[in-house]
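Presented below is the structure to which this report refers.
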Amino acid sequence: TACSSKFVLSQMHPMWQEPLAVPGGDRQSPIDIAVRKSVFDSKLKPLITDYDPKTCQQIWNNGYSFLVEYDDTTDKSTLKGGPLEDKFRLCQFHFHWGECNSWGSEHTVDRKLFPAELHLVHWNADKYSLFEEAVVEDNGLAVLGVFLKIGKRHEGLQKLVDALPTIRHKGSVVEFTKFDPACLLPPNIDNYWTYHGSLTTPPLTESVTWIVMKQHIEVSHDQLAVFRSLLFTAAEEEVQKSMVNNFRETQPLRGRTVRSSFT
Ligand SMILES: COc1ccc(C[C@H]2SC(=S)NC2=O)c(OC)c1
Ligand SMILES: [Zn+2]
């Protein structure tokens with residue numbers, strides 16, 4: 001099948017028709033992280049995550065991915081440090097994945113594709129009072145990216161995997177509580193790359209400080225297969241379409257520098 005050979009990228013069919021150019025789009029995401037061109041910055045601090053599982057509220061299928069949403073009306077689940085000057089509140093996390101294990105991530109590392117990528121989305125609560133306000137500002141969002149590889153079963157992920165069959169169709173929502181997103185982070189979160197970019201789906205707003213982990217996490221083949229059992233389509237639609245390949249292609253760097261927190 002197309003999945004057997006790693007180089008059949010021409011078979012890929014991105015999930016939505018790309019706008020040819022984004023107005024003034026010179027900091028679009030995702031990008032390829034060329035490791036040897038990244039610049040070590042000794043002023044980058046350790047990342048500080050402080051997540052409260054009690055703020056976990058629901059899991060739902062929005063027709064692009066599935067999102068786990070958190071109560072971001074208080075400072076209970078926050079991210080600070082690293083390249084960030086302010087305190088950011090966790091609002092949701094979601095994933096991007098392929099139709100097979102040969103591709104699926106949004107960012108690439110020296111052109112290496114991973115089977116999936118986790119995005120933990122935070123907004124700048126020191127400067128703005130709502131996500132909707134922050135999403136249009138240069139320093140409004142901070143997204144933690146974590147690559148997934150196929151390997152041993154991820155015990156913490158299983159609670160989420162077990163909920164997916166209940167949100168198969170676009171628009172379905174179920175209650176989802178007491179999930180600690182910290183369990184999805186790799187052991188060492190102090191090794192990361194960071195750069196200024198954008199949302200990776202429309203409206204593609206250039207408001208994201210990206211923090212991409214060097215260390216990946218492992219999930220089992222069967223766990224990722226359940227992601228692919230989700231559908232892009234709503235229950236009432238005639239033709240059901242599998243939710244796969246929900247990633248954007250890498251975008252031009254346009255002179256940006258990717259900094260690394262490690263040598
Ligand atoms: C209007 O606000 C939006 C729109 C879309 C997304 C999801 C995109 S952006 C990303 S990172 N990965 C994705 O799939 C948002 O996420 C913060 C926020
Ligand atoms: Zn994303």
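Residues: numbered from 1 along the sequence shown. Just so you know, ligand 1 is whichever comes first in the structure, and atom 1 is the first atom listed for that ligand. Given the structure is predicted, the values throughout are model-derived calculations rather than measurements. In what follows, every heavy atom counts, from backbone to side chain, and hydrogens, waters and symmetry copies are set aside.
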> What residue and atom, counting heavy atoms only, is the protein's closest point to atom 15 (C) of ligand 1, and at what distance?
Replying inline: Leu199 CD2, 4.1 Å
>> Show me which atoms of ligand 1 lie under 4.0 Å from any heavy atom of His119.
In response: 11 (S), 12 (N)
> Which option, Asn246, Thr201, Leu144, owns the non-hydrogen atom nearest atom 6 (C) of ligand 1?
Replying inline: Thr201
> Is the shortest distance from a heavy atom of Gln92 to ligand 1 less than 4.0 Å?
Replying inline: yes
> Phe66 and ring-ring contact (aromatic ring centres under 6.0 Å, His included): which partner among Phe93, Trp97, Trp60, Phe176?
Replying inline: Trp97
> Would you call Lys76 and Asp52 a salt bridge, taking side-chain N to carboxylate O under 4.0 Å as the test?
Replying inline: no
>> Students should be able to answer this: which protein heavy-atom is nearest to atom 14 (O) of ligand 1, and at what distance?
In response: His96 CE1, 3.1 Å
> Going by atom types only, do Asp71 and Thr73 share a side-chain donor-acceptor pair under 3.5 Å?
Replying inline: yes
> Can a donor-acceptor pair be found between the side chains of Glu69 and Gln58 at a distance below 3.5 Å?
Replying inline: yes
> Which atoms of ligand 1 are found less than 4.0 Å from any heavy atom of Val121?
Replying inline: 17 (C)
>> Under a 4.0 angstrom heavy-atom cut-off, which atoms of ligand 1 come close to Thr200?
In response: 9 (S), 10 (C), 12 (N), 13 (C), 14 (O)
> Is Arg248 near ligand 1, meaning one of its heavy atoms is under 4.0 Å from it?
Replying inline: no
>> Looking at Arg36 and Asp110, is any side-chain nitrogen of the basic one under 4.0 Å from a carboxylate oxygen of the acidic one?
In response: yes
> Which residue supplies the protein heavy atom nearest to atom 18 (C) of ligand 1, what is that atom called, and how far is it?
Replying inline: Phe131 CZ, 3.8 Å
> For Pro203, is the nearest heavy atom under 4.0 Å from an atom of ligand 1?
Replying inline: yes
> Would you say Trp210 touches ligand 1, if touching means a heavy atom closer than 4.0 Å?
Replying inline: yes
> If you look at His119, which of its N/O/S atoms is nearest to the Zn ion (ligand 2)?
Replying inline: ND1
>> Within this structure, what is the OG-CD distance for the pair Ser242 and Gln240, rounded to the nearest 0.5 Å?
In response: 9.0 Å
> Heavy atoms only: which of Glu106, His122, His94 is nearest to atom 12 (N) of ligand 1?
Replying inline: His94
>> To the nearest 0.5 Å, what is the distance between CD on Glu106 and CZ on Phe114?
In response: 14.0 Å
> CG/Leu47 to CG/Asn188 distance, rounded to the nearest 0.5 angstrom?
Replying inline: 10.0 Å
> How open is the angle at the Zn ion (ligand 2) from atom NE2 of His96 over to atom NE2 of His94, rounded to 10 degrees?
Replying inline: 110°
>> For Thr250 and Thr108, which I'm curious about, is there any donor-acceptor pair between the side chains at under 3.5 Å?
In response: no
